[in-house]
Every structure is written in structure tokens, then in C-alpha cells.
Amino acid sequence: MKAVCVYCGSSPGANPIYTEAAQAFGRALVDSNLALVYGGGKVGLMGVIADTVMAGGGRAIGVIPELLVDKEVGHAGLTELHVVPDMHHRKKMMADLSDAFVAMPGGAGTLEELFEVYTWAQLGYHRKPVGVLNIGGFYDPLMSLLDHTVREGFMRQTYRDMLQTDSDPVALIAKLKRYHAPEKDKWADLRENV
Ligand code: AMP
């Protein structure tokens, strides 16, 4: 594992624990010799984690669409900043550059990015680990909803278990490193049960 893609809010959140956790996660990436791949902005938790990685002597690679360079304040002090035509190019490049994916707390954009890579893993488009940094129980309601989808027969437990979770950045990185993708993708599994 060389680079971790981190999805996170373009806002700092209402509680300082989110900023503190973004700093702790940035330090953990540097200590583990892992590059940060992220959305390339300077705002919110995005800016916090990128600043922490750069200040710690690590590598931060940003990928930002032209339209958002001004809005999300494209970070000028990164190891690399790629300006791409649109959101689809951004997500593809972020995914290609990364060996694992982590969502920190964020809004609709963060959730969209998390669910895209999670569902791609479920379909077998990639075999990379996907996790959430569950700061202060932020993701507990989402975990409950996913458990509900399993109970109601819309998701197999195998795919629920693919999503790694921890409140501690170091422990989460260890889980990502230990992860093995399920042998079968969702459709192989469904065919066997027809
Ligand atoms: P948010 O969690 O809404 O603050 O957004 C966090 C990041 O996700 C920001 O950099 C947004 O530009 C980005 N984002 C928002 N919507 C999308 C989307 N549909 N696809 C990819 N990134 C998005």
C-alpha cells in the first residue's frame, strides 16, 4: 500500500474533534509512509489533512476539477496538484492513484465518493480496501442503515463486512493493510443462488 485516497468534507464540521482527527489521520499517513490522495482543495477537513501531511514531510496529491479550483481554493502547496476537466475525471484519477480509500466525516459529496468506491468493490471493479474513520460516532447512523439493508435482504453480509471501520487512524490503516477482497463478486454470488 503506497497511497490512500481520503474523502472528506469541504467544511470543518461543527465540532473541533473533526479537525483534530483529520490532523491525527494526516500524521498517521506520514508515519506509515503513505501518500495522501484527495480532492485538492484548501477548505474544510480537506485543507486540514493536506496541510498536516505537507507539514509532516509527507506526500499530498490533489485532484481538482477546473470549476472548483476557485470555489474549493486549489491548494498551491502540495506535492502534486492535478487540475482535471470535470468530476468524473477527478474520481477516476483519485481512484487510479490510490491503493485504499477512506471517508472521514463529510456531507453529500463525501458520501457519494465513498459509495462509489464501495459499490465498485462490491461489483469486483477493484479489490482495494475501503474504510471509514468513524470519528465521535459520526458514521454510526450509516452503519445502522447498512446493517438494516442486510437484515432486509438487500445486501449480503460479505459485502457489508467489506467496509472497514475504526475511530482510530492507526488502527484503521492496519485494517486496510490486512484486508483481502472477497473471492467472488456480487454477481457470481447471486448466480450460485439462482
Ligand atoms: P462535501 O462532503 O459535500 O463537503 O464534499 C466533499 C468533497 O466532495 C468536495 O471536494 C466536493 O467537491 C466533492 N464532491 C461533491 N459532489 C461530488 C460528486 N458527485 N462526485 C465527486 N466528488 C464530489
Side-chain angles (χ1 to χ4, degrees), residues 1-13 16-121 125-126 128-135 138-139 163-164 166 169-170 172-173 176-177:
M1 210 163 93
K2 292 189 177 132
V4 177
C5 179
V6 180
Y7 303 123
C8 51
S10 52
S11 311
I17 58 167
Y18 301 123
T19 292
E20 287 156 19
Q23 290 165 337
F25 192 26
R27 285 193 296 269
L29 290 175
V30 175
D31 291 346
S32 307
N33 202 20
L34 292 165
L36 166 73
V37 175
Y38 85 113
K42 231 178 167 344
V43 293
L45 293 187
M46 283 205 284
V48 173
I49 190 164
D51 286 343
T52 307
V53 167
M54 292 310 293
R59 286 169 50 78
I61 301 164
V63 185
I64 195 162
E66 282 162 15
L67 187 74
L68 297 182
V69 171
D70 292 336
K71 292 193 181 108
E72 294 186 352
V73 197
H75 199 308
L78 302 174
T79 316
E80 293 170 27
L81 178 66
H82 301 272
V83 180
V84 294
D86 54 40
M87 236 21 150
H88 289 292
H89 284 87
R90 177 195 234 181
K91 289 193 286 191
K92 168 104 174 65
M93 188 168 196
M94 287 168 76
D96 289 347
L97 288 172
S98 307
D99 305 302
F101 307 92
V102 171
M104 291 200 307
T110 302
L111 294 173
E112 196 275 343
E113 292 170 315
L114 168 65
F115 273 92
E116 183 170 81
V117 288
Y118 181 28
T119 52
W120 284 0
Y125 279 106
H126 70 78
K128 301 173 184 177
V130 181
V132 301
L133 187 61
N134 193 12
I135 303 160
F138 178 86
Y139 276 114
L163 191 61
Q164 308 297 304
D166 211 288
V170 175
L172 182 60
I173 289 172
L176 299 176
K177 285 185 175 168

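In this text, all values refer to a predicted model and were calculated from it rather than measured experimentally.
Summarising the local packing, NE2 of His89 is surrounded by 12 or fewer heavy atoms from other residues, nucleotides or ligands at distances under 6.0 Å.
Panel note: side chain Asn134, backbone Phe138; a donor-acceptor pair is recorded below 3.5 Å. Side-chain atoms of His126 do not come within 3.5 Å of backbone N or O of Trp120 as any donor-acceptor pair.
Residue Ile135 holds its CD1 atom at 10.0 Å from CD of Glu20, rounded to the nearest 0.5 Å. Summarising the geometry, atom NE2 belonging to His88 is positioned 8.0 Å from atom CD belonging to Glu116; distances are rounded to the nearest 0.5 Å. Distance check: Leu68 CG to Met87 CE gives 5.0 Å after rounding to the nearest 0.5 Å. With rounding to the nearest 0.5 angstrom, the CG atom of Leu111 is 5.0 Å from the OH atom of Tyr139. Residue Cys5 holds its SG atom at 11.5 Å from NZ of Lys91, rounded to the nearest 0.5 Å.
The minimum heavy-atom distance between Ala22 and Ile49, with the atom names listed, is O-CG1, 3.8 Å. The nearest pair of heavy atoms linking Leu78 to Ala50 is CD2-CB, 4.0 Å. Nearest heavy atoms, Leu81 versus His75: CD2-O, 3.5 Å. Residues Val84 and Met93 share a closest heavy-atom pair of CG1-SD, 3.9 Å.
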Solution key, residues 96-109 side-chain donor-acceptor pairs under 3.5 Å, sequence neighbours excluded:
from, atom 1, to, atom 2, distance (Å)
Asp96, OD1, Lys92, NZ, 3.4
Asp96, OD2, Lys92, NZ, 2.6
Ser98, OG, Met94, O, 2.7
Asp99, OD2, Lys2, N, 2.7
Asp99, OD2, Ala3, N, 2.9

Residues 23-48, side-chain donor-acceptor partners within the protein, below 3.5 Å, at least two apart:
from, atom 1, to, atom 2, distance (Å)
Ser32, OG, Ala28, O, 2.9
Tyr38, OH, Gly41, O, 2.8

>> Test side chain to side chain contact (heavy atoms under 4.5 Å, CB included) on Glu80 and Arg59; report intermediate values, then the result.
In response: CA-CA 8 Å; Glu80 293 170 27; Arg59 286 169 50 78; 3.7 Å; yes
>> Using the rule given for side chain to side chain contact (heavy atoms under 4.5 Å, CB included), can you reason through Leu176 versus Lys128, listing the C-alpha separation, both sets of side-chain angles and the distance that settles it, and then say yes or no?
In response: CA-CA 9 Å; Leu176 299 176; Lys128 301 173 184 177; over 6 Å; no
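Counting heavy atoms from C-beta outward, Leu67 and Asp86 have side chains that stay 4.5 Å or more apart.
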